[in-house]
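One-based numbering along the sequence shown. Owing to the predicted nature of the structure, the values given are computational and were not obtained by experimental measurement. Reckoned from all heavy atoms, side chains included, excluding hydrogens, waters and symmetry mates.
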Amino acid sequence: MQKARSNHPTMPPELSRPTPRLAAPIVMAHGLFGFRRIGLGPLTLAWYFRGIPEALRAAGNRVLVTRVHPTAGVARRSRKLGEQIREAFPDEPVHLIGHSMGGLDARALVADPWWQGRILSLTTIATPHLGSALADFAKLRVGRIYSVLERLGIDHAGFMDVTPAAARDFNRRTAAPRGLPTFSVAGDPDPSDVCWPLRRLHAALCELEGHNDGLVSVGSANAFGEPLPTWPVDHLRQMNWFPADGGTLPFPSVARYYGEVLAHLATLPCEADRLAEFASRETA
């Protein structure tokens, strides 16, 4: 049975503020099983962030969508994330937005002192900062598959890194750098608005951890950084999969929520100051 609705502020269904243009680039990191693009040659079959980077670019933003190993652990994924940022923006600091496990990758990255001053902000969206009970359930039910993957030489550490036990260890070892603006977003849809692949998982996780987006609870998603208003969309619709509007809008409606994140970042006094500080340091 669905528990009482959360008292946490929820993003309104209609957003009026236009998406701002940030001076610094935006880097988007995908989650477990994620990818940047699936396609055959020039033919694109699917994007992880479906239509969202295009909507942010339409406002004049520079957006990099990174691609790391889909099932590896946080340590390996964060190294690859850092390599791609350095390659794309060697002389500029960036804003980081991580969805799901991508938020853990980003946290591991910014904990490295080398990145001090190179990251202007970190926003995690539906990231399992406390892990997810569903990961423990999966380990019990399909643990033999993990053994098969290991024998095949397939890195599957990512499945272990989102368990509650691994999350506790990660949180002990990985603190947010002092002075770095960090924010979190949780998903808390109405049960009737959860897309069909996540409905049973949403109901199960509701019994185990309370309000959730079908994969990550509100409490877990908001356990790091300053919580921003909750999004009333499930885990897959946060990437604009199974869009409630049928994909008929010129830019997907969920992109408005990302626009609100950028609008919040635009109000921070840090961007102009840190850009100037970074430039002076690099030219010193």
Side-chain angles (χ1 to χ4, degrees), residues 20-39 44 47-49 52-54 56-57 59-125 127 129 155 157-158 161-162 170 173-184 224-225 239 258 261-262 265-266 268 270-284:
R21 178 187 181 277
L22 301 183
I26 301 160
V27 175
M28 305 183 74
H30 65 71
L32 192 64
F33 283 121
F35 52 88
R36 184 181 68 85
R37 167 186 176 272
I38 294 177
T44 297
W47 296 93
Y48 184 87
F49 294 105
I52 296 165
E54 291 82 358
L56 303 183
R57 291 175 183 133
N61 290 288
R62 292 173 291 160
V63 181
L64 170 67
V65 180
T66 55
R67 179 179 180 270
V68 300
H69 193 286
T71 60
V74 169
R76 178 177 175 182
R77 286 165 54 103
S78 65
R79 287 194 297 270
K80 187 64 175 180
L81 175 62
E83 291 172 6
Q84 293 180 46
I85 296 173
R86 285 194 296 268
E87 181 179 354
F89 305 111
D91 302 318
E92 293 183 84
V94 302
H95 294 283
L96 261 177
I97 297 177
H99 179 254
S100 195
M101 189 177 174
L104 299 180
D105 302 336
R107 282 184 58 186
L109 182 74
V110 301
D112 184 341
W114 189 89
W115 288 94
Q116 184 176 358
R118 291 172 167 83
I119 306 298
L120 297 175
S121 70
L122 168 59
T123 303
T124 63
I125 299 171
T127 292
H129 296 292
D155 191 341
D161 282 354
V162 293
F170 180 79
R173 295 182 288 104
T174 314
R178 184 174 300 177
L180 175 68
T182 57
F183 309 99
S184 62
F224 177 82
M239 305 178 292
Y258 287 84
V261 169
L262 266 59
L265 297 179
L268 299 177
C270 70
E271 187 177 37
D273 294 341
R274 292 198 175 194
L275 283 170
E277 178 185 348
F278 182 85
S280 63
R281 185 178 64 184
E282 291 299 299
T283 57

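Counting heavy atoms from C-beta outward, T174 and L104 have side chains that stay 4.5 Å or more apart. The side-chain heavy atoms of V63 and F49, taken from C-beta on, include no pair separated by under 4.5 Å. A heavy-atom distance below 4.5 Å is found between the side chains of F183 and L268.
Atom-to-atom distance recorded for L109:CG and L122:CG is 9.0 Å, nearest 0.5 angstrom. Note that the CG atom of L96 and the CG atom of L180 stand 8.5 Å from one another [nearest 0.5 Å]. Atoms CG and CZ, on D91 and R118 in that order, are 10.0 Å from each other to the nearest 0.5 Å. Atom OG of S100 and atom CD1 of I125 lie 10.5 Å apart (nearest 0.5 Å).
Listed for the N61 side chain is a donor-acceptor partner under 3.5 Å among the backbone atoms of L56. Between the side chain of T127 and the backbone N or O of M101, no donor-acceptor pair lies under 3.5 Å. Using modelled atom types, one side-chain atom of R62 and one backbone atom of A23 make a donor-acceptor pair closer than 3.5 Å. Looking at R21, its side chain never comes within 3.5 Å of a backbone N or O of A59 through a donor-acceptor pair. The closest donor-acceptor contact from the side chain of T66 to the backbone of M28 lies under 3.5 Å.
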Exercise for the section: Apply side chain to side chain contact (heavy atoms under 4.5 Å, CB included) to the pair T71 and H69, showing each step before the final yes or no. Expected result: CA-CA 6 Å; T71 60; H69 193 286; 3.1 Å; yes
Handout entry: L120 and L22: CA distance, side-chain angles, deciding distance, side chain to side chain contact (heavy atoms under 4.5 Å, CB included) verdict
Key = CA-CA 11 Å; L120 297 175; L22 301 183; over 6 Å; no
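Here the shortest heavy-atom pairing between T182 and A176 reads CG2-CB, 4.3 Å. Contact between G73 and D161 at its shortest, heavy atoms only, is CA-OD2, 3.2 Å. Of all heavy-atom pairs between L81 and A29, the closest is CD1-CB, 4.2 Å. The two residues R77 and A72 make their nearest non-hydrogen contact at CD-O, 3.1 Å. When all heavy atoms of S184 and G225 are compared, the pair lying nearest together is OG-O, 4.3 Å. Across every non-hydrogen atom of I52 and Y258, the tightest pair is CD1-CE1, 3.4 Å.
Note on ring orientation: taking the six-membered ring where Trp is involved, the planes of Y48 and H30 are tilted (angle from 30° to 60°).
For the side chain to side chain contact (heavy atoms under 4.5 Å, CB included) with I26, the lone residue among L64, V94, L262 that qualifies is L262.
R107 forms a cation-pi arrangement with F224, by the criterion of a distance under 6.0 Å to the ring centre and an angle within 45° of the ring axis.
Counting only N and O atoms by type, the side chains of T124 and H129 include a donor and acceptor under 3.5 Å apart.
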